[in-house]
Protein chains: 4
Amino acid sequence: MIVLRQRVCNLVSKLYPPSPLSHRSKKLKASMALSRFEYVKQFETDDRCLPNCWIVVRIDGKGFHRFSDQHNFLKPNDDRSLHLMNCAAKQVMTEFKDIVLAYGQSDEYSFVFKINTSTYNRRSSKLMTNICSLFASTFVFNWQKYFHDVKLKYPPAFDGRVVLYPSNQNLLDYLSWRQADCHINNMYNTVFWALVQQGKLTPQAAQERLKGTLAADKNEILFQDYAINYNDLPEFYRKGTTLIREKKEEQITHKIPQQDGTFKEKAELKIKSELVELHTDIIGSSFWNNHPEILTPKLKR
Amino acid sequence: MIVLRQRVCNLVSKLYPPSPLSHRSKKLKASMALSRFEYVKQFETDDRCLPNCWIVVRIDGKGFHRFSDQHNFLKPNDDRSLHLMNCAAKQVMTEFKDIVLAYGQSDEYSFVFKINTSTYNRRSSKLMTNICSLFASTFVFNWQKYFHDVKLKYPPAFDGRVVLYPSNQNLLDYLSWRQADCHINNMYNTVFWALVQQGKLTPQAAQERLKGTLAADKNEILFQDYAINYNDLPEFYRKGTTLIREKKEEQITHKIPQQDGTFKEKAELKIKSELVELHTDIIGSSFWNNHPEILTPKLKR
Amino acid sequence: MIVLRQRVCNLVSKLYPPSPLSHRSKKLKASMALSRFEYVKQFETDDRCLPNCWIVVRIDGKGFHRFSDQHNFLKPNDDRSLHLMNCAAKQVMTEFKDIVLAYGQSDEYSFVFKINTSTYNRRSSKLMTNICSLFASTFVFNWQKYFHDVKLKYPPAFDGRVVLYPSNQNLLDYLSWRQADCHINNMYNTVFWALVQQGKLTPQAAQERLKGTLAADKNEILFQDYAINYNDLPEFYRKGTTLIREKKEEQITHKIPQQDGTFKEKAELKIKSELVELHTDIIGSSFWNNHPEILTPKLKR
Amino acid sequence: MIVLRQRVCNLVSKLYPPSPLSHRSKKLKASMALSRFEYVKQFETDDRCLPNCWIVVRIDGKGFHRFSDQHNFLKPNDDRSLHLMNCAAKQVMTEFKDIVLAYGQSDEYSFVFKINTSTYNRRSSKLMTNICSLFASTFVFNWQKYFHDVKLKYPPAFDGRVVLYPSNQNLLDYLSWRQADCHINNMYNTVFWALVQQGKLTPQAAQERLKGTLAADKNEILFQDYAINYNDLPEFYRKGTTLIREKKEEQITHKIPQQDGTFKEKAELKIKSELVELHTDIIGSSFWNNHPEILTPKLKR
């Protein structure tokens, strides 16, 4: 629509001075008004991100404590919610081809653009608002697919931010920070809800019980009192979700018509990029060694 | 959830050095990892808006030309879409009490925060992403309410930006700019679709026909060829939608129990703020004279 | 010089491919190198100030405590230093015609650009560095004029910043803040140095003596112990220096040659703008009422 | 001085409400005024540079075409001016220990801070204004040392900017860009002034003569018409000046008093860092191979 607008405005603003016809001059006023007001565009700022930095957009559910209560999320982890988050993140990656990796846990997701992306001219506002709104609308759009018999009571919001990381190491440390956060939260929540659900403690008592405990202490509570070996819990909960693209070769067979009316088959290899969902450690180096292409663009310059 | 995280991290990071127990030291590593990686938070920037400026968040449908095609929007205006946009905008104003006015037209909406708002500490990213994502999720959430028998094919995105206006006049000129834009687009679209729908021109021919025409010319095409008086078209289309809050007095009647067992009625006046939807001119001064409270905070300082 | 550069680069970069002559291709490499490296310009950011805001550039002597010691500044106020500061500020105002007011005290100076200035396209870095460096170089250039028999031991630095104020009231409050600061410092310093110079206290003892005292207490020490009435001290010290431009009419007499060989005198009024140095209160309204033209541009829009 | 101010303000603002004594309350008003106005500090912005990026401050003489004319600079290069520029740059490096390299040519200088510097908390305004003003004041301070019998007619200004470079390669490309610029300008100027000074062409004619010429053409004019071999000209002009720090071992001899009243000499090695001025190619890799310590901090993370 912008294109039409632009064309109209340009044409109109060329036509000057106003004709003597009164109805003509009256309508002209409107378009002249447009150009008279257009100075306000100068108040917009240029928010392009520094080149040659990794652009990370992190989004975070707004008021998800209440949201999860209202929709009776299972504790400590609700698979439906986690899968819905992943579904929304995949939609974002499908729309934004320059996102090379996404990492999600709990009610948050981080999207990593390739270091030299020129998506939206690297404009910070454009990147974060498009991702945030697409994530939110996809979340609602697919709600029923995951929460079959739970009615969505109100539409949720997500806040977002853009953070720049100049070096590969900074980026890896950022992702490690989020995964370490996942680990610590998940361990806390696992013990907390064991105490509440199985141990019949009140939430306050459970909180009190955990005050000052180390990871090791929590491990022991789980193991001794509830026969849970934390390390046996699904990686889905302990590691969060990492989405990457993987190039897959696909063999396509064409039928080539021959002069004698028959067909000859001809095979062709096509390379396709596919979203892959992983629940694995991304703090150590082995993930990165296995997927060198994610950081590759940095090597170019 | 942040609160829990914080508490855990703080406690854990105080405990140092690691105990000699191997499982303990192993788990400690995770939390120490957390604090080792936390330096990446320093890469986030402070994006608070300059104080004493009007904060405008404008959102805009992404790729809505295609979106309206895919969902067979009526042309030149689709009431269902406009009402759905207004519904989403009202949700935003219900959540963000410091928005004093919103103006929408076509696939865009502008939200004006009161000049001295401290919502999210005036942080630009927080404001735009929350509004954008809430708008988008509400749009999907309420789709069926307006598009009864049209299935939403895919979740839409909206981009957003924050613009600051230091003076009342700048703000009024901004809003005038958007309403003048509404007028010019609507007139163009009205003639364009008359030529296509009633005149049976191809879109290309219609476009060609309108090339170089002034508003006055378009008025005449409408009137002469299609007996449409542009000024008789609904203000809903020609002026867009303005949402404001209006204080309404409401009389509440309490029944007060008396000593003799009877009740006495007591009336009380309560002031309630309500969202009001207007389709009126906001370029001229009369709207502003009738609603002085919108700009009032500016007068204080 | 930029112009020459640009021209050369442009011409050179058009000429491609390289000629077969080896020395030619060798030299071409250099200019091609230039264009190969030019991408680094994209890392520069756009730092234009928000329109319709007062731009204040404040500069501040770096390490002036040591600087004043090293050059034996008189205490509590050294006229030579204050006059030199004013001299440098006037030079800045002579170069930057859009500065409508400057206020200085101690080792700092604030320069106020008219609200709609387009000096350097309102680019923040350009404004602050030019003013800062011109101030510093003028300070050194004119040192001897004020410190006749004191050799400048080393060149001083000044730091600077840009602050935006959206409304007239914000600007007035900013200037009031600086003048209130001048008042409080000057009173403290006046008592402190009376205690040290006349009361023969050590600096530590003087500091101790003043701990917790109010302005009123300081006034009484000055009056009782040293017979100094603070309000009788020169406004130069108590109020700082305000520089403004004043339009002055000047009568110029031209001698017009007549046909008979004689001359006839013809008077003409010319309006000249002159820098005026004031030592007066700028917190109250009377200064602003007497000089309405300073804030006038704000009234326009 | 800030410390004193702060202390006074703090104390004063605690004392509330005002005492009944009229003179006391009068003075209190001043300090309360101070705190009443202090809100204007909130309009200052946080301009810290992104961590883990090279910070480059480039300064540039303002109006140096005119400045060099007014002071009869020799053409195409004036040694006195270049040495004075270098002297000012050294002063800057002496004050700012975190500058690891400076590169200067013509009337500009670039200062490179180590990638993880925390000078002024990486605040952009502080860095550029301090450097710019110190450079300018040093330029004036040392003028006479280089321009023995030329009176400085007016104090010059320098503008400055901060640019961030995320990777070593970006930084090297930046420096290469400046040195390639030096090369191209110097070649142009050398031919231009040969044509004017020896060829007796007017500046316009010289400019016309050079229009469209390549480096190779210029080389030939110099060689054929003026017997100048460009490559034999001093590297000082062709390469500009690079300032780095070099660690030098220095043997210091202490005399240790012995029990018998004699002295014994004891040698000690001390490592000192010295500024070194080079006129060499910094585009190729050999300079960087010889000085690996300049980029070293980047290797750490």
Side-chain angles (χ1 to χ4, degrees), chain C residues 1 4-5 8-9 11-12 15 21 23-24 27-28 30-31 33-34 37-38 40 43-44 62 65 91 106 125-126 128-130 132-141 152 155-165 170 173-174 176-177 180-181 183-185 188 212 214-216 219 283, chain D residues 1 4-5 8-9 11-12 15 21 23-24 27-28 30-31 33-34 37-38 40 43-44 62 65 91 106 125-126 128-130 132-141 152 155-165 170 173-174 176-177 180-181 183-185 188 212 214-216 219 283:
Chain C
M1 307 203 170
L4 286 188
R5 273 176 214 173
V8 181
C9 305
L11 287 169
V12 159
L15 292 146
L21 293 156
H23 68 269
R24 175 166 278 202
K27 282 303 144 193
L28 247 185
S31 34
L34 188 59
F37 298 133
E38 260 170 351
V40 298
F43 290 68
E44 302 191 6
K62 187 198 167 191
H65 197 81
Q91 178 76 0
S106 181
S125 300
K126 286 274 187 188
M128 69 176 122
T129 55
N130 268 294
C132 238
S133 65
L134 180 58
F135 192 97
S137 71
T138 307
F139 189 95
V140 175
F141 186 77
L152 180 59
F158 293 83
D159 71 24
R161 77 195 67 202
V162 163
V163 195
L164 300 181
Y165 290 108
N170 294 149
D173 287 348
Y174 169 78
S176 298
W177 176 48
D181 181 84
H183 168 72
I184 291 200
N185 283 327
Y188 184 94
L214 294 183
N219 256 336
I283 298 182
Chain D
M1 305 198 172
L4 286 188
R5 274 175 214 175
V8 180
C9 304
L11 288 169
V12 159
L15 293 145
L21 293 155
H23 67 270
R24 176 167 275 204
K27 283 302 146 193
L28 246 183
S31 34
L34 188 60
F37 299 133
E38 260 171 351
V40 297
F43 290 69
E44 302 191 5
K62 186 198 167 190
H65 196 81
Q91 179 76 1
S106 182
S125 299
K126 286 274 187 189
M128 67 177 125
T129 55
N130 268 294
C132 237
S133 66
L134 181 57
F135 193 97
S137 72
T138 308
F139 189 95
V140 174
F141 187 78
L152 180 59
F158 292 82
D159 71 26
R161 76 195 69 201
V162 164
V163 195
L164 301 181
Y165 291 108
N170 294 149
D173 287 348
Y174 170 79
S176 298
W177 176 49
D181 182 83
H183 168 72
I184 291 198
N185 283 327
Y188 184 95
L214 295 184
N219 256 338
I283 297 182

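Every chain is numbered from 1 and lettered A, B, ... according to where its sequence line falls, protein lines coming before strand lines.
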Worksheet item: Can you tell which of C:Thr138, C:Val162, C:Thr129, C:Val140 has the highest number of heavy-atom pairs within less than 4.5 Å of chain D?
Response: C:Thr129
Fill in: Option in C:Asn130, C:Val163, C:Leu134 with maximal non-hydrogen atom pairs under 4.5 Å from chain D
C:Asn130
Fill in: Side chain, backbone, both or neither of C:Leu152 within contact of chain D (heavy atoms, under 4.5 Å)
both
Response to the item:
Pair count under 4.5 Å, heavy atoms only, with chain C: among D:Ser133, D:Gly160, D:Cys132, D:Ala157, highest is D:Ser133
Worksheet item: If only atom types and distance count, is the side chain of D:Ser137 paired as donor or acceptor with the main-chain N or O of C:Pro156 below 3.5 Å?
Response: yes
Worksheet item: Between C:Lys126 and D:Asp159, is the closest basic N to carboxylate O distance under 4.0 Å?
Response: yes
Worksheet item: Of all residues at least two apart in sequence or in a different chain, which pass the ring-ring contact (aromatic ring centres under 6.0 Å, His included) check with D:Phe158?
Response: D:Phe64, D:Phe135, D:Phe139
Worksheet item: What pairs with C:Tyr174 under side-chain contact (heavy atoms from CB on, under 4.5 Å), at least two apart in sequence or on another chain?
Response: C:Val56, C:Arg58, C:Ser110, C:Tyr165, C:Trp177, C:Arg178, D:Val40
